[in-house]
Amino acid sequence: MTGAEQPPATEEVACTVTYLEMTARPKGPFARLPMNAPVSLMRAVEPPLRWFFHLYDGVGAGHDWTDRHQDDPEALLAFLHDPDVSLFTLMHDGWAGGLFMLDHREAGVCDLAYFGIAPELLGRGYGKWLLGEAIQTGWDREGTTRMTVNTNTLDHPRALPLYQRMGFSPVRRVEQTRTRPVV
């Protein structure tokens, strides 16, 4: 290629962000893992950026999860390695099929910073189970008085109803515009 390379084409897209919270630990019961499911849940301790992006892209590529690719790598790694941030991976038959990330950096608050299931596993009941695990794990931390999460209209259409069924309540909505690559 000769001359200056062109930056990737982008477009502006409107979306609605819904912020939700839960102010008391739900009593349950939570969804059970489907019988004989070849699934395990593992916490990644000080994961490398490539592992985070493997999960982030595997779950979020179809929903415009691109923001973290613009982050300063050192700042993102510091976030991932913060002792008050934890990343969990749903392993399915030996491959990464989902994730949740809990951010306890604000006193008393557990933010469900990321949650998702790989498209190959949708419709198998893993989402409800994994979200239940995320909620229980978030509330297990001593001193937690509130859990938060946000989703937007670019995420999977079942995300918002699932959060609400699991006990989160909307507290505000914000209209915003995002820039995304044109493919």
Side-chain angles (χ1 to χ4, degrees), residues 13-34 37 39-44 52 55-68 79-80 82 84-92 96-178 180:
V13 60
C15 68
T16 303
V17 180
T18 302
Y19 295 86
L20 303 103
E21 71 177 22
M22 181 185 296
T23 56
R25 183 183 193 126
K27 294 187 182 1
F30 290 97
R32 294 179 183 253
L33 190 60
V39 169
S40 62
L41 186 61
M42 301 188 71
R43 180 172 182 210
F52 171 75
L55 297 171
Y56 181 83
D57 294 340
V59 167
H63 304 289
D64 291 307
W65 286 20
T66 58
D67 299 4
R68 287 298 191 169
F79 170 70
L80 291 172
D82 190 299
D84 290 322
V85 174
S86 50
L87 173 64
F88 290 83
T89 306
L90 178 151
M91 299 297 292
H92 178 272
L99 81 140
F100 68 83
M101 181 180 282
L102 303 175
D103 180 353
H104 282 97
R105 293 177 300 162
E106 182 181 337
V109 177
C110 175
D111 181 51
L112 179 54
Y114 291 100
F115 173 81
I117 299 289
E120 297 87 353
L121 297 181
L122 292 174
R124 298 186 189 190
Y126 297 143
K128 282 190 242 180
W129 172 78
L130 187 62
L131 184 54
E133 292 295 306
I135 291 168
Q136 290 179 80
T137 303
W139 282 103
D140 282 347
R141 174 117 173 212
E142 189 175 332
T144 300
T145 59
R146 182 168 58 110
M147 269 193 92
T148 61
V149 67
N150 71 73
T151 187
N152 67 63
T153 50
L154 301 174
D155 281 337
H156 194 283
R158 291 190 306 230
L160 179 58
L162 178 60
Y163 290 136
Q164 291 177 288
R165 277 195 313 277
M166 297 294 282
F168 287 96
S169 298
V171 291
R172 70 184 163 108
R173 287 188 174 82
V174 176
E175 300 298 323
Q176 68 177 210
T177 305
R178 294 186 49 168
R180 68 177 177 188

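Side-chain atoms are counted along with the backbone in the values below, which use heavy atoms only and exclude waters and symmetry mates.
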Quiz item: Got a second to check how far D111's CG is from D84's CG, nearest 0.5 Å?
Solution: 12.5 Å

Exercise. Mind running side chain to side chain contact (heavy atoms under 4.5 Å, CB included) on Y56 and L99 for me, showing each step along the way?
Key: CA-CA 8 Å; Y56 181 83; L99 81 140; over 6 Å; no

Quiz item: Is the NZ or CZ atom of R68 positioned over F79's six-membered ring, under 6.0 angstrom from the centre and within 45° of the axis?
Solution: yes

Exercise. Please name the pair of heavy atoms, one in P26 and one in W139, separated by the smallest distance, quoted to 0.1 Å.
Key: CD-NE1, 3.8 Å

Exercise. Mark yes when over 12 heavy atoms from residues, nucleotides or ligands other than M91 sit less than 6.0 Å from its CE; otherwise mark no.
Key: yes

Self-check item: Reference residue V109; test side-chain contact (heavy atoms from CB on, under 4.5 Å); the match among T145, D103, T148
Solution: T148

Exercise. State whether the number of non-hydrogen atoms from other residues, nucleotides or ligands found under 6.0 Å of R32 atom CZ is greater than 12.
Key: no

Exercise. Mind checking the CD-CZ spacing from E106 to R146? Nearest 0.5 Å is all I need.
Key: 5.5 Å

Practice problem: Please lay out, stage by stage, how L130 and V39 fare under the test side chain to side chain contact (heavy atoms under 4.5 Å, CB included). | Solution: CA-CA 10 Å; L130 187 62; V39 169; over 6 Å; no

Practice problem: For the residue pair Y163 and L131, establish whether any side-chain heavy-atom pair is separated by less than 4.5 Å. | Solution: yes

Practice problem: Keeping the roles fixed (side chain from T153, backbone from T16), state whether a donor-acceptor pair exists under 3.5 Å. | Solution: yes

Practice problem: Could you please spell out the steps behind the side chain to side chain contact (heavy atoms under 4.5 Å, CB included) verdict for I135 and M147? | Solution: CA-CA 8 Å; I135 291 168; M147 269 193 92; 4.3 Å; yes

Exercise. Supply the atom-to-atom distance F168 CZ to N150 CG, rounded to the nearest 0.5 angstrom.
Key: 10.5 Å

Quiz item: How many angstroms lie between CG in L160 and CG in N152, if you round to the nearest 0.5 Å?
Solution: 10.5 Å

Exercise. Answer yes or no: is there an ion pair linking R25 with D140, defined by an N-O contact shorter than 4.0 Å?
Key: yes

